[in-house]
Amino acid sequence: MTRMLWRHARIATFEGNDWGLIDRGALLAEGTQITWVGAEAELPAGLDVDAEHDLGGALLTPGLIDAHTHLVYAGDRTVEFDLRQQGASYEQIARAGGGIRHTVACTRAASDDALFAGALARALALRAGGVTTLEVKSGYGLSLDHEARCLRVARRLGPATGMTIRSTALPAHALPPEFDSRPDDYIDAVVAWLPALHAEGLADAVDAFCDTIGFTPAQTRRVFDAARALGLPVKLHAEQLSDQGGAALAASYGALSADHLEWLSADGIAAMQAAGTVAMLLPGAFYHLRETKLPPVAALRDAGVPMAVATDHNPGSSPALSLPLMMNMACTLFRLTPLEAWLGVTAHAARALGLADRGRLQPGQRADLAVWSLDHPRELAARFGHDPCLAVVTGGVPCTP
């Protein structure tokens, strides 16, 4: 088993939900796991390693985790940005046949290789910003064959990038044209598709969009019942445009996360707190759509609900490929502290994916690391428009951004 040493670093371990800073620190990994972290002067005597990396005083942190993306798609929706600047709303564009439906048409028409090439370029851009674990949703196929195709593309990203890829089935994302005015029939179809997607090993979780332009709570419940029968965890796009009680519904199923949450109620917060459901904040969509209703961050903080932060990368409402930029937006727009933003893209993001083996630098955790030309991690949240990531390490294997 390969033994790797990183030394002469300022290390932020995030142990105890604090920075956990170690000056002149060192980290040892064997294979894919961290085996030792501490002050370099306290390294075990007579240590034999296969490779040693002197970081020259750079900052070493856990690799970042982007726990909400829609990375597999084809087509372009920048015209919608133009329309919104002229006064059209996201909902108006969607109801006129734009939005998700436009991306579905383009995605269905694209080849597997074209979908993979686009998704790979986006994944590598995220990795260049320090991301080592990535969630990828389907939701732009909206038929069994096309949803499976998109999820297969997502699975291919892991070997191609070295990143951990978690794939989420999101067929209940929008109503496809062939099911116009028949949402219940479409949910029947989704429920029928899930066993096939699960049998092929394509989905690590199941998601849905519960909102005024998505699906009702009753329809969402049927999708979640089907997921539960298969033993798949759930998560939910909830309370983005209105309060449909989606977060409380998701929490009743022990959801990994409820995502967006601008219209989250006190009852929803209480349900999430009781269930241990992570609040997934998506400032990129809030910014790009020029929303004004802020998620209730102070109430989530007071309730002790863990808050994660993600890019929500998608072609329409959050075409962002920088998780550090989302950290800054979470601080400036939503009033997270820099430490909360960091936990939101490390330990809390890992929890939102059901992964307990990453997000902090401590023995037993996966050796997913990011190296930064920074003195303190708060600088990454405070600044924007720069590129301070020097290197990433995935499962103990170094790769260049």
Side-chain angles (χ1 to χ4, degrees), residues 69-80 83 88-116 118-119 136-155 167-200 202-203 205-227 229-230 232 234-238 240-242 244 246 314-317:
T69 81
H70 304 256
L71 222 62
V72 180
Y73 62 85
D76 176 81
R77 280 165 54 192
T78 52
V79 67
E80 296 178 14
L83 290 172
S89 71
Y90 181 78
E91 186 168 354
Q92 287 170 336
I93 292 169
R95 294 196 183 280
I100 293 169
R101 275 197 176 188
H102 175 78
T103 301
V104 169
C106 294
T107 301
R108 288 179 174 183
S111 69
D112 289 3
D113 286 344
L115 290 175
F116 176 71
V136 180
K137 302 179 190 294
S138 65
Y140 292 129
L142 306 190
S143 72
L144 176 57
D145 288 346
H146 288 292
E147 286 289 297
R149 206 161 62 94
C150 291
L151 289 167
R152 291 187 198 109
V153 167
R155 288 292 197 219
S167 60
T168 297
L170 179 57
H173 193 198
L175 193 64
E178 59 268 28
F179 282 89
D180 261 339
S181 302
R182 297 188 295 127
D184 287 320
D185 290 344
Y186 181 63
I187 294 299
D188 286 342
V190 169
V191 168
W193 300 339
L194 288 179
L197 298 175
H198 177 59
E200 197 177 332
L202 294 177
V206 173
D207 199 346
F209 183 23
C210 181
D211 218 314
T212 50
I213 59 171
F215 295 94
T216 67
Q219 291 161 348
T220 301
R221 188 177 293 278
R222 292 175 57 205
V223 175
F224 282 4
D225 284 341
L230 296 169
L232 289 170
V234 299
K235 50 184 64 182
L236 187 64
H237 287 60
Q240 180 184 9
L241 305 173
S242 65
Q244 300 292 310
N314 72 81
S317 64

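Computed from a predicted structure; not experimentally measured.
Across every non-hydrogen atom of D184 and R222, the tightest pair is O-NH1, 3.6 Å. Between Y140 and P315, the shortest heavy-atom distance links the atoms OH-CD, 3.5 Å. Minimum interatomic distance between W193 and S143 (heavy atoms only, all atoms of both residues): CH2-CA, 3.3 Å. Heavy-atom minimum distance, V191 versus A226: CG1-CB, 3.9 Å. Across all non-hydrogen atoms, the minimal contact from P183 to Q219 is CB-NE2, 3.6 Å. When every heavy atom of E80 is checked against every heavy atom of G98, the shortest pair comes out as OE2-C, 3.8 Å.
For the pair H237/L170, a side-chain contact is recorded, criterion being any heavy-atom separation below 4.5 Å from C-beta on. Residues D112 and R152 form no side-chain contact, since every pair of their non-hydrogen atoms from C-beta on lies 4.5 Å or further apart. Side-chain contact check for S138 versus S167: every heavy-atom pair is 4.5 Å or farther apart. At least one side-chain heavy atom of Y186 sits less than 4.5 Å from a side-chain heavy atom of P171. You'll find the side chain of L144 reaches within 4.5 Å of the side chain of L197, heavy atoms only.
Between the side chain of R221 and the backbone N or O of T216, no donor-acceptor pair lies under 3.5 Å. A side-chain donor-acceptor contact under 3.5 Å links T107 to the backbone of A74. A donor-acceptor contact shorter than 3.5 Å links the side chain of R108 to the backbone of L142. Between the side chain of Q244 and the backbone N or O of D211, no donor-acceptor pair lies under 3.5 Å.
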### Task
Check the pair T78 / D76 against side-chain hydrogen bond (donor to acceptor under 3.5 Å, both in side chains), numbers first and verdict last.
CA-CA 6 Å; T78 52; D76 176 81; 2.6 Å; yes
### Task
Could you please spell out the steps behind the side chain to side chain contact (heavy atoms under 4.5 Å, CB included) verdict for R155 and E200?
CA-CA 11 Å; R155 288 292 197 219; E200 197 177 332; over 6 Å; no
### Message
Walk me through whether T103 and H70 qualify under side chain to side chain contact (heavy atoms under 4.5 Å, CB included).
### Response
CA-CA 11 Å; T103 301; H70 304 256; over 6 Å; no
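In this structure, CG in L175 is found 8.5 Å from CD1 in I187, a value given to the nearest 0.5 Å. Atom CD1 of residue I93 and atom CG of residue L83 lie 5.0 Å apart, to the nearest 0.5 angstrom. Here the CG atom belonging to L202 is positioned 10.5 Å from the CD atom belonging to E147, to the nearest 0.5 angstrom. Atoms CG and CZ, from L115 and R149 in turn, are 5.0 Å apart once rounded to the nearest 0.5 Å.
Paired with V206 under the rule side-chain contact (heavy atoms from CB on, under 4.5 Å), one option of V223, L236, L230 passes, and it is V223.
Ion pairing between a basic and an acidic side chain is recognised when a charged N comes within 4.0 Å of a carboxylate O; D188 and R182 show no such pairing.
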